[in-house]
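Presented below is the structure to which this report refers.
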2 protein chains.
Amino acid sequence: MEAAKELTYKQGVGVGVDALLKAANVARRSLYEHFGGKDGLITEVLRLSAAEDEAGYQEAMRAAGDDPRRRLLGVFDWLGEVIEEPEFRGCRYLAAELALADPDHPGHDVIRRYRERVHDLLERELRELDHPQPAHAADQLLLLVDGTLAVGAIRRDTHPAAGARQLAEQILGDPRPSTRRS
Amino acid sequence: MEAAKELTYKQGVGVGVDALLKAANVARRSLYEHFGGKDGLITEVLRLSAAEDEAGYQEAMRAAGDDPRRRLLGVFDWLGEVIEEPEFRGCRYLAAELALADPDHPGHDVIRRYRERVHDLLERELRELDHPQPAHAADQLLLLVDGTLAVGAIRRDTHPAAGARQLAEQILGDPRPSTRRS
DNA sequence: TGGTGAGTAGACCGAATGGTCTATCTACGA
DNA sequence: TCGTAGATAGACCATTCGGTCTACTCACCA
């Protein structure tokens, strides 16, 4: 049920309720009883996929081993794979943020909190690395992530994750911790 | 007339025709005679603002002087100002790209060409700098631009342009051309 | 003076929107 | 066996969507 809604939502936040219901094989009434309306559904979908994507970051780092440096760069390798997937249509959260005109929509809060969690995830690894400015560097990494997803959405042929990874390496500094440049 | 439409379009690509007409004080018929419909209007708005924004890049570089390095970094200083503007609501083209579900919409082509022109603008300066990989570096700079605009749209309080500028400096390499690191 | 082109105002259309409604079906527990 | 909770199907509602239409106004020019 949730899965079908997500699938439908990947076609954009502006789809019709009817299309959602048909795709999920769900009665109209059920939707309104469970989520209170379309906005509630959207919010819940965002919350759910935010949890999944956060787990994706964690899994990408876990798969990259124990070295924090490898773990952070592994995130960009993972992003590269995500972008290559044929279903990829850009960052869901950025699209929602731009499409949800109402600034009071609860979805905005969900997205904000999600980004903070990812930021903290990155910052933790940077502290592990003894990076001198972990918070600032996490900001920069997140900027690279956003840029990668944005470019990946517009130019499907190019491979932005590799370029972003190079820049991430520079943020992380010299591979040998004792001689970090900045 | 075009100005009023643009203003209204900053509220999203999904606004109603009626709202557009009212904001521009234009009769319904005029719109359909001039642009053939909503899609034509959107395309024309994209085309127009793409030209304006391209001029914005050029002006930002011109204002930064003659040194290609300064000119490229000036782009990020300019982006920082753009983001700070209270009307800023994210990159118009990214929003359109994500919102225009129909892949055959002529707006996609307008956006693609606009990005290519900006890319070429950046690449030209990189060649001026004797950068070893001007095309690749331009890709990376564009990624930083997209990331900056994306982060600026979501987190209004943070100031992503400064972090992006630092990364841009690394792309450009050592300030002294003869001793470039990579 | 009369005609023409371009604009405006706004009624109107079918389709689709988000949301509420009733009626029906079904599974489960007392 | 009956009652209830929760699901379904789908009619229905007002509103809005993008788009077409007619009727009218106004400036310009021969």
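The structure presented is a predicted model; accordingly, all values stated were derived computationally and were not measured. Letters A, B, ... are given to chains in the order of the sequence lines, protein chains preceding strands, and every chain is numbered from 1.
- Between B:G36 and B:D18, the residue anchored closer to the 5' end of DNA chain D is B:D18, taking for each the nucleotide with the nearest heavy atom.
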Salt bridge (Lys or Arg N to Asp or Glu O under 4.0 Å) between B:R29 and B:E33, intermediate numbers included: CA-CA 6 Å; B:R29 176 159 191 169; B:E33 291 217 343; 3.2 Å; yes

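- Side chain A:R28 to base D:dT8: no donor-acceptor pair is found below 3.5 Å.
- Between B:I42 atom CD1 and D:dG19 atom C1' there is a gap of 14 Å when expressed in whole angstrom units.
- Atom CG in B:L41 sits about 15 Å away from atom P in D:dC17, given to the nearest Å.
- For A:H34 and D:dG6, the shortest distance from a side-chain N or O to OP1 or OP2 is not below 4.0 Å.
- A salt bridge is defined here as a Lys NZ or Arg NE, NH1 or NH2 lying under 4.0 Å from an Asp or Glu carboxylate O, and A:D18 with A:R28 meets this definition.
- When each of C:dG19, D:dG18, C:dC21 is scored by its nearest atom to the side-chain atoms of B:Y32, the top-ranked nucleotide is D:dG18.
- Summarising the geometry, the separation between CD on A:E33 and C1' on D:dA9 is reported as 14 Å, rounded to the nearest angstrom.
- Here the side chain of B:R29 is nearest to one of C:dA9, D:dG18, C:dA23, namely C:dA9.
- Candidate nucleotides D:dG18, C:dA9, D:dT8 were compared by shortest atom distance to the side chain of A:S30, and D:dT8 ranks first.
- Classification of A:D120 and A:R127 as a salt-bridged pair fails, no side-chain N sitting under 4.0 Å from a carboxylate O.
- Using a 4.0 Å cut-off between charged nitrogen and carboxylate oxygen, B:E116 and B:R113 do not count as a salt-bridge pair.
- Between B:F35 atom CZ and D:dG19 atom C1' the separation is 16 Å, expressed in whole Å.
- In this structure, B:L21 atom CG and C:dG7 atom P are separated by 14 Å, rounded to whole Å.
- Checking D:dA23, D:dG18, C:dC21 against every side-chain atom of B:K38, the shortest atom distance belongs to D:dG18.
- Rounding to whole angstrom units, NZ of residue A:K22 and P of D:dA9 are separated by 13 Å.
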